[in-house]
Amino acid sequence: MPVTVRFAPSPTGFLHIGGARTALFNWLYARHHGGTFRLRIEDTDRARSTQAAVEAILGGLSWLGLDWDGAPVMQSQRIERHAEAARRLLAAGRAYYCYCTPAELAAMRERQRAEGRSIRYEGIWRDRDPREAPPGVEPVIRLKAPQTGETVIRDHVQGEVSVANAQLDDLVILRADGTPTYNLSVVVDDHDMEITHVIRGDDHLTNAFRQTQIYRALDWPVPEFAHVPLIHGPDGTKLSKRHGALGVEAYREMGYLPETLRNYLLRLGWSHGDDEIISTEQAIAWFDIDGVGRAAARFDFAKLDSLNGHYIRSTSDERLVELVAPRIEHLLGRSLDGAARARLQAGMAGLKPRAKTLVQLAQSARFYVAVRPIALDEKAERAIAGAGATLRALAAELVGTQWSAAALESRLRGFAEERGLTLGAVAQPLRAALTGSTVSPPIFEIMTVLGREETIARLEDAAAMAN
RNA sequence: GUCCCCAUCGUCUAGAGGCCUAGGACACCAGCCUUUCACGUUGGUAACACGGGUUCGAAUCCCGUUGGGGACGCCA
């Protein structure tokens with residue numbers, strides 16, 4: 001049977017990093033096995049689902065490069081089909097009406113909590129005659145779950161996991177208003193979509209037991225399960241929207257490349273020996289569930305940064321200019337003309353090994369396209385303080401110098417030597433004058449990118465400021 | 001509280017009984033390279049949670065303890 005997997009987010013917020021990894025694993029599994037990767041939007045919580053969230057999720061997946069097969073299934077459009085399954089179970093005697101009110105159930109849970117017992121529905125209406133139903137109460141439908149024995153799932157990550165059926169209660173499958181609940185909807189949709197492998201977060205492990213019971217009641221085959229450990233925050237607890245989990249678009253804004261995220265997320269919980277830098281092609285070739293570990297992992301920005309630096313370094317100058325130009329335009333509050341972009345392009349080779357993120361790259365590239373007189377930071381001001389005469393002499397010296405990095409370097413070395421200065425003593429004020437900073441790419445490279453006229457003008461600007 | 005899961009350097013992990021004096025990556029420290037900062041490169045600090053078994057032999061198997069996490073909705 002061909003592999004069919006799905007990613008089934010609920011559109012109640014952005015696509016967070018845990019969801020992104022789940023999507024990645026499903027996508028890789030499908031691509032590796034030549035199968036199908038489907039999307040299902042679980043929007044049956046009409047109160048919390050929003051169209052904006054649907055778009056954020058689709059946008060996040062697209063940015064990550066995870067393309068799905070076919071149109072996304074909107075779960076809300078299938079509730080009639082779900083309800084029908086519930087009615088079928090009712091007719092077959094595998095489900096029953098329950099007339100408990102939400103208030104009664106809350107009181108029951110409260111009592112159980114107080115008595116230190118496990119919290120579950122006690123089957124009050126399981127065998128009770130519906131004719132005893134209190135007037136005016138719309139019933140829910142509950143699954144008549146097995147009460148003895150155990151339910152076992154064979155999970156591809158967790159192994160064989162079983163739970164005593166006595167631990168599981170008769171869950172609601174259809175609400176009083178006639179709408180289906182989560183576990184029923186998932187089972188019906190996974191069945192109808194012919195999902196062969198359910199790969200999802202560990203937090204769904206207990207749902208797998210209930211879903212297995214629903215599959216059995218419906219006489220449907222149970223799919224393969226793979227429950228992937230969760231990604232924890234730096235504090236070691238589940239990432240959630242309420243404690244700092246970020247959407248993938250936040251990572252984009254912070255200047256991470258999609259290939260970085262793919263590689264990083266892949267290595268969080270999955271491994272292939274000692275391999276760290278793994279291209280997407282390689283990942284598709286290598287990925288399988290047996291490489292997934294069983295322990296939760298913590299998210300670490302330091303490693304993400306390091307990986308991103310690697311991918312920035314291996315990205316073409318052209319693409320980097322495309323990515324960084326809008327950020328610089330935003331910083332500057334104006335658009336860049338062709339000459340400015342040409343400078344960025346020319347300077348990119350020296351800029352990119354110094355950046356971990358596109359944010360840093362934009363910041364460090366800014367001086368190339370800044371308009372004179374450029375602003376100097378504090379350290380740069382200190383670097384030129386008292387160096388006015390040197391900078392002026394340097395400007396004069398540069399008028400007739402051949403304009404290549406090699407020629408400039410030998411000329412500058414001579415200039416420093418004549419004055420009994422180290423190269424650094426000349427280079428630092430020069431760097432400060434040209435870039436406004438004490439940290440930059442190689443100074444001779446910068447001069448060739450800036451050109452003679454701009455270089456000399458910036459030197460004179462700085463000289464004037466220095467004394 | 002009940003149930004389920006997990007446990008190797010600070011972090012991500014390799015490890016499927018002898019190849020382990022436990023390997024790699026990030027971070028950190030030191031050196032080299034060097035006009036600054038990076039990049040690169042060399043070296044270093046650093047872990048099998050604990051206690052019992054099983055075995056000639058255990059990071060690897062079993063049991064327990066401890067610690068961590070997850071789930072217990074007419075949310076998904």
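Letters go in sequence order (proteins before strands), and every chain restarts at 1.
Judged by Watson-Crick or G-U wobble contacts below 3.5 Å, the nucleotide B/A16 has no partner. With a 3.5 Å ceiling on both atom-pair distances, B/C37 lacks any Watson-Crick or G-U wobble partner. Under the Watson-Crick or G-U wobble criterion, with both distances below 3.5 Å, B/U54 is left unpaired in every strand shown. Base pairing analysis places B/A59 opposite nothing; no Watson-Crick or G-U wobble pair with both distances below 3.5 Å involves it. Nucleotide B/A30 has B/U42 as its partner under the Watson-Crick or G-U criteria, with both atom distances under 3.5 Å. When Watson-Crick and G-U wobble pairs are counted only if both distances are under 3.5 Å, B/U21 pairs with no nucleotide at all. Of the nucleotides present, none pairs with B/A47 by Watson-Crick or G-U wobble criteria with both distances under 3.5 Å. Across all strands shown, B/G67 forms a Watson-Crick or G-U wobble pair, both distances under 3.5 Å, with B/C6.
As judged by a 4.0 angstrom heavy-atom cut-off over every strand, A/R298 is placed among residues touching the sugar-phosphate backbone only. Among the protein residues, A/A297 comes within range of the sugar-phosphate backbone only, with heavy atoms under 4.0 Å from sugar or phosphate atoms but none that close to a base. Counting non-hydrogen atoms under 4.0 angstrom, A/V140 reaches a base of the nucleic acid. Looking at heavy-atom distances under 4.0 Å, A/S306 makes contact with sugar-phosphate atoms alone, never a base. In this structure, A/C100 reaches the bases: a heavy-atom distance under 4.0 Å links it to at least one base atom across the strands shown.
Here, B/A49 and B/U8 have their P atoms 6 Å apart, quoted to the whole Å. Rounded to a whole angstrom, the distance from the P atom of B/A22 to that of B/A58 is 16 Å. Separating the P atom of B/C48 from that of B/C9 is a span of 7 Å, rounded to the nearest Å.
Comparing A/Q167 and A/I119 against RNA chain B, the residue whose closest nucleotide sits nearer the 5' end is A/Q167. Taking for each of A/F444 and A/S271 the nucleotide of RNA chain B with the nearest heavy atom, the 5'-most of the two is the partner of A/S271.
OP1 or OP2 of B/C39 has at least one side-chain nitrogen or oxygen of A/K356 nearer than 4.0 Å. Here A/R294 reaches the OP1 or OP2 of B/C6: one of its side-chain N or O atoms lies under 4.0 Å away. For B/U35, the OP1/OP2 oxygens have a side-chain nitrogen or oxygen of A/R413 closer than 4.0 Å. Listed pair A/R120 / B/U2 fails the phosphate criterion, with no side-chain N or O lying under 4.0 Å from OP1 or OP2. Distances shorter than 4.0 Å separate none of the side-chain N or O atoms of A/T206 from OP1 or OP2 on B/C4. Taking 4.0 angstrom as the limit, A/R313 places a side-chain polar atom (N or O) nearer than this to OP1 or OP2 of B/G40.
No side-chain donor from either of A/S49 and A/D43 sits under 3.5 Å from a side-chain acceptor of the other. Side chain to side chain, A/R354 and A/Q360 fail the donor-acceptor criterion of an N or O pair below 3.5 Å. For the residue pair A/Q213/A/R216, the side-chain donor-acceptor check at 3.5 Å is not satisfied. For A/Y264 and A/N308, the side-chain atoms include no donor-acceptor pair closer than 3.5 Å.
One N or O donor and one acceptor, one from the side chain of A/D274 and one from the base of B/G23, sit under 3.5 Å apart. For A/R354 and B/C37, a side-chain-to-base donor-acceptor distance below 3.5 Å is present, hydrogens and geometry of angles not being considered.
Using a 4.5 Å heavy-atom threshold, the side chains of A/V292 and A/F25 count as touching.
A/H156 and A/H197 have tilted rings, their planes meeting at an angle from 30° to 60° on a 0 to 90° scale.
Outside the 6.0 Å centre-distance limit, the rings of A/Y96 and A/W125 are not counted as a close aromatic pair.
Atom CG of A/L268 is separated from atom CG of A/L265 by 6.5 Å, given to the nearest 0.5 angstrom.
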Assess the residue pair A/R40 and A/D190 against the criterion (salt bridge (Lys or Arg N to Asp or Glu O under 4.0 Å)); give the C-alpha distance rounded to whole Å, side-chain angles, the decisive distance to 0.1 Å, and a yes or no.
CA-CA 9 Å; A/R40 183 171 72 230; A/D190 282 342; 2.7 Å; yes

Show each protein N/O and nucleotides 62-65 of chain B N/O combination with a separation under 3.5 Å, one pair to a line.
none

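Side-chain proximity of A/V439 to B/C37, B/C26, B/U35: nearest is B/C37.
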